[in-house]
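Structure first, then comments.
Excluded from the calculations below are hydrogen atoms, water molecules and symmetry mates; all remaining heavy atoms, backbone and side chain alike, are included. In what follows, chains are A, B, ... by sequence order, proteins preceding strands, each numbered from 1.
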There are 2 protein chains.
Amino acid sequence: MVTMDERKWKILRVIIKTYLETGEPVGSRTISKAADLNVSSATIRNEMSDLEEMGYIVQPHTSAGRIPTDRGYRLYVDQLVEEKTHSVMSMNSMIISRTNRMENVLKQVVRMLAANTNYTTMISGPAYKQNKIRFIQLSKLGDRQLVAVIVIEGNVVRNHIIDLTQPIDDEHVLKLNLLLNTNLNGLSLREINLDIIAGMKEEAGEHSAIISEVIDAVAEAIRAEKDEETQVYTSGADNIFKYPELADSGKASRLIQTLEAKDTLAEFLRQAESEERDANGIQVYIGEESPMEAMQDCSVVTATYDLGGGMEGTIGIIGPKRMDYEKVMANLKTLKTSLSDMFGTGEDRIVDSEDSGSEE
Amino acid sequence: MVTMDERKWKILRVIIKTYLETGEPVGSRTISKAADLNVSSATIRNEMSDLEEMGYIVQPHTSAGRIPTDRGYRLYVDQLVEEKTHSVMSMNSMIISRTNRMENVLKQVVRMLAANTNYTTMISGPAYKQNKIRFIQLSKLGDRQLVAVIVIEGNVVRNHIIDLTQPIDDEHVLKLNLLLNTNLNGLSLREINLDIIAGMKEEAGEHSAIISEVIDAVAEAIRAEKDEETQVYTSGADNIFKYPELADSGKASRLIQTLEAKDTLAEFLRQAESEERDANGIQVYIGEESPMEAMQDCSVVTATYDLGGGMEGTIGIIGPKRMDYEKVMANLKTLKTSLSDMFGTGEDRIVDSEDSGSEE
DNA sequence: TGTTAGCACTCAATAAAACTGAGTGCTAAC
DNA sequence: GTTAGCACTCAGTTTTATTGAGTGCTAACA
């Protein structure tokens, strides 16, 4: 049984670091020259043979140097986390201009991060931690127009205008308010599905087409809210071409396809949110650890942030397995500070909403 | 001097159509078999030689078949426009769910179009045809908070909340209102630049820091409006990998880079808006006709639509030069109808705006 | 027991050479 | 004006040769 001693660990680190830079398999001679342990390449070879046996490195083919395995990266990344904070990267250039719309801030963040790291980035729209419905109120605006006010926990108010094909009377509005509140209160947006909608229609009885119409409109409004949360912005997709191991059209194609499938991305980010993370909210997926098929040749680093006002956002950085974990994680930490400065201070936050104003 | 007769035109059409399908150079034998003109390959060769001399086709190398030149495509496309409407494509599946937010509709449109055509698509956010500022009103909400209401021609109202670092008194607000209205009224959003802002500060005199601060905030709000208009959504970037002539990582990289540079795209679409178009608002850029460097191996078809309420949007479809122009143009025509049905009927349209509602 | 020099061996990557076949242009006959 | 026939061209593919970085193993050394 071989054990991991100081020298082996040092060699492994040199292999990984060199590979991160060059992307080429690392040979024994390179190591014996680079590392400050004064041993010959032959000795290194023996050690490398051990490291291979332990599963931290492999040879892509017989007569090549070694490259790290997923397990090797994992050891390295875990170690990184334990060590003290590294040289803070220059995120200073990242002055987020004060914009009111959360959405635009997110887009800016994702773009800057992509430019800063040279990796592909993605960010999920602000999701409410507790997004249970607290109250729904329908009010008549006119004969064929209603406004639906939806209050979500965290005192977020959204309003939607509903246009009807036929007139509605006060009695029906009253009935609908009762029906909607008894059925939907306390449910989170995600829990509301077709079954529940169908159930409500059933309860209302089929006697009135107008009721069915309003319920559909409300369901649609709720769906729109969900969509809002599902929004994912990506940036720097072109960066994948900077890494030869991802740039061949087969892999690039699959990756970009995945980036285009916003739904799947959103799901991934949401899942990352709920997973165990370190103190900084950072989570690293190396190669096959990632749940997304197309990303198994990549590493993904995600970070979840508190955006204030009961909102959370998750950022993901996608790069080759040999991504510069140190830099990426430092960037994400700096970003956390920036975002906290902007949003965390309990200032009343403006959540962009619909309608209200700006008609003609 | 060779002239274009019926047979030449027929042969050219066969060459283009075949090449659209296969992407491979077309040889004389293929044509003599496929076309219903009963002549031998030798005759075809003579005709092709003429067509080449006329500049409609070329040989990629001596011993290859012919492929259309940009000029050849142009002739073909122009002809297409003149012919009666072709088999209408199945855009029926394109039931745009009734969403209130214009933005979401656009995203859906662009996604469906990409899925339908197998090309990459882009769409510019709704821009106002006449976006001149009609009126600006600042009102105090509190000691350190103002609301800026900006009315744009077409009766579009936008409001922004401005947080200040120091208190402001009524007198200053009055002064600012006067200053802003005299300087900005009648200007379109695009005309407002740093010079004008600086000019206003100058006019106000440097005596008061607070005035300068508010002007900056208003400028920022206007910039945000501009951003809104500059928004471009893309979809189906992965489709470029379906066409071998674009899929090699060099070209793909450049294309995707261009797609990521939303500003440049927005400019392109805006420019397309102002260019001469056919009756359907459709404009075709073949190869080098396109002003964008990276797209000179592609063709781009753009279409500008009236979205009602004084708004315009432009859609672009990006594909290989051998794109199925017939299908694309038919799709865009159908889309025009759909959009007119949704927005064109003069119904009061809801433009999403900021703030107002939904604070905590 | 750990370290080192030396050597034979492997194999991806690159370069050079040979082969193949679709397609052309030209000529001469119909 | 159309066609069959034939020599020629050249991208693309397969085949073969060459190179060189890197390894594993062995034997000698400290």
Side-chain angles (χ1 to χ4, degrees), chain A residues 1-12 14-16 18-19 21-69 244-245 247-249, chain B residues 1-12 14-16 18-19 21-54 56-69 244-245 247-248:
Chain A
M1 184 62 220
V2 242
T3 60
M4 191 72 161
D5 58 19
E6 186 52 37
R7 191 168 70 184
K8 282 198 180 56
W9 171 231
K10 200 161 187 173
I11 291 172
L12 178 58
V14 174
I15 292 175
I16 293 181
T18 314
Y19 186 67
E21 278 171 34
T22 63
E24 300 280 297
V26 186
S28 52
R29 270 194 57 202
T30 320
I31 299 175
S32 82
K33 270 183 289 181
D36 49 355
L37 17 85
N38 283 331
V39 286
S40 79
S41 61
T43 312
I44 304 277
R45 279 205 286 282
N46 288 331
E47 298 283 51
M48 279 163 80
S49 172
D50 290 350
L51 282 170
E52 180 157 20
E53 198 183 317
M54 289 187 264
Y56 294 121
I57 52 179
V58 280
Q59 287 182 280
H61 57 265
T62 330
S63 65
R66 306 299 215 287
I67 61 174
T69 60
E245 63 266 51
D248 77 279
S249 72
Chain B
M1 184 63 220
V2 239
T3 60
M4 190 72 161
D5 58 19
E6 185 53 37
R7 191 168 73 183
K8 282 197 180 58
W9 172 231
K10 200 162 188 174
I11 290 173
L12 179 58
V14 173
I15 292 175
I16 294 181
T18 313
Y19 185 67
E21 277 171 35
T22 64
E24 300 279 300
V26 186
S28 53
R29 270 195 56 204
T30 320
I31 299 175
S32 82
K33 270 185 289 182
D36 48 356
L37 18 84
N38 283 333
V39 286
S40 80
S41 62
T43 311
I44 305 277
R45 280 204 287 282
N46 289 331
E47 297 285 50
M48 279 162 84
S49 172
D50 290 349
L51 283 169
E52 181 158 18
E53 198 184 318
M54 287 187 266
Y56 294 122
I57 54 180
V58 280
Q59 285 181 281
H61 56 265
T62 330
S63 65
R66 306 300 214 286
I67 60 175
T69 59
E245 63 265 51
D248 76 281

For A:Ser28, which contact category applies under a 4.0 Å heavy-atom criterion: base, sugar-phosphate, or nothing? sugar-phosphate

Taken to the nearest whole Å, CE/B:Met48 to C1'/C:dC26 is 16 Å

Measuring from the side chain of B:Ser40 (C-beta onward, heavy atoms only), which nucleotide among D:dT3, C:dT3, C:dT4 has the closest atom? D:dT3

Using only heavy-atom distances, decide whether a donor-acceptor pair under 3.5 angstrom links the side-chain of B:Ser63 to the base of D:dT9. yes

When you match A:Val26 and B:Glu47 each to their closest nucleotide on DNA chain D, which lands nearer the 5' end? B:Glu47

OP1, OP2 of C:dA22 versus side-chain N and O of B:Arg45: anything below 4.0 Å? no

Can a side chain N or O of B:Arg29 be found less than 4.0 Å away from OP1 or OP2 on C:dT24? no

OP1 or OP2 of D:dC10 sitting under 4.0 Å from any side-chain N/O of B:Thr62? yes

When rounded to the nearest 0.5 angstrom, what distance separates OG in A:Ser28 from CD in A:Glu47? 12.0 Å

Minimal heavy-atom distance between B:Val26 and B:Ile15, with the atoms involved, is CG2-O, 3.7 Å

Closest approach of B:Gln59 and B:Glu52, non-hydrogen atoms and distance? N-OE2, 3.6 Å

Is the backbone N or O of A:Gly55 less than 3.5 Å from a side-chain atom of A:Thr69, with the two atoms forming a donor-acceptor pair by type? yes

Of the nucleotides C:dG25, D:dG24, C:dC11, which has the atom closest to the A:Glu52 side chain? D:dG24

Below 4.0 Å: OP1/OP2 of D:dT2 and any side-chain N or O of B:Arg7: yes

Which of D:dT3, C:dA5, C:dT24 is nearest the side chain of A:Ala42? It is C:dA5

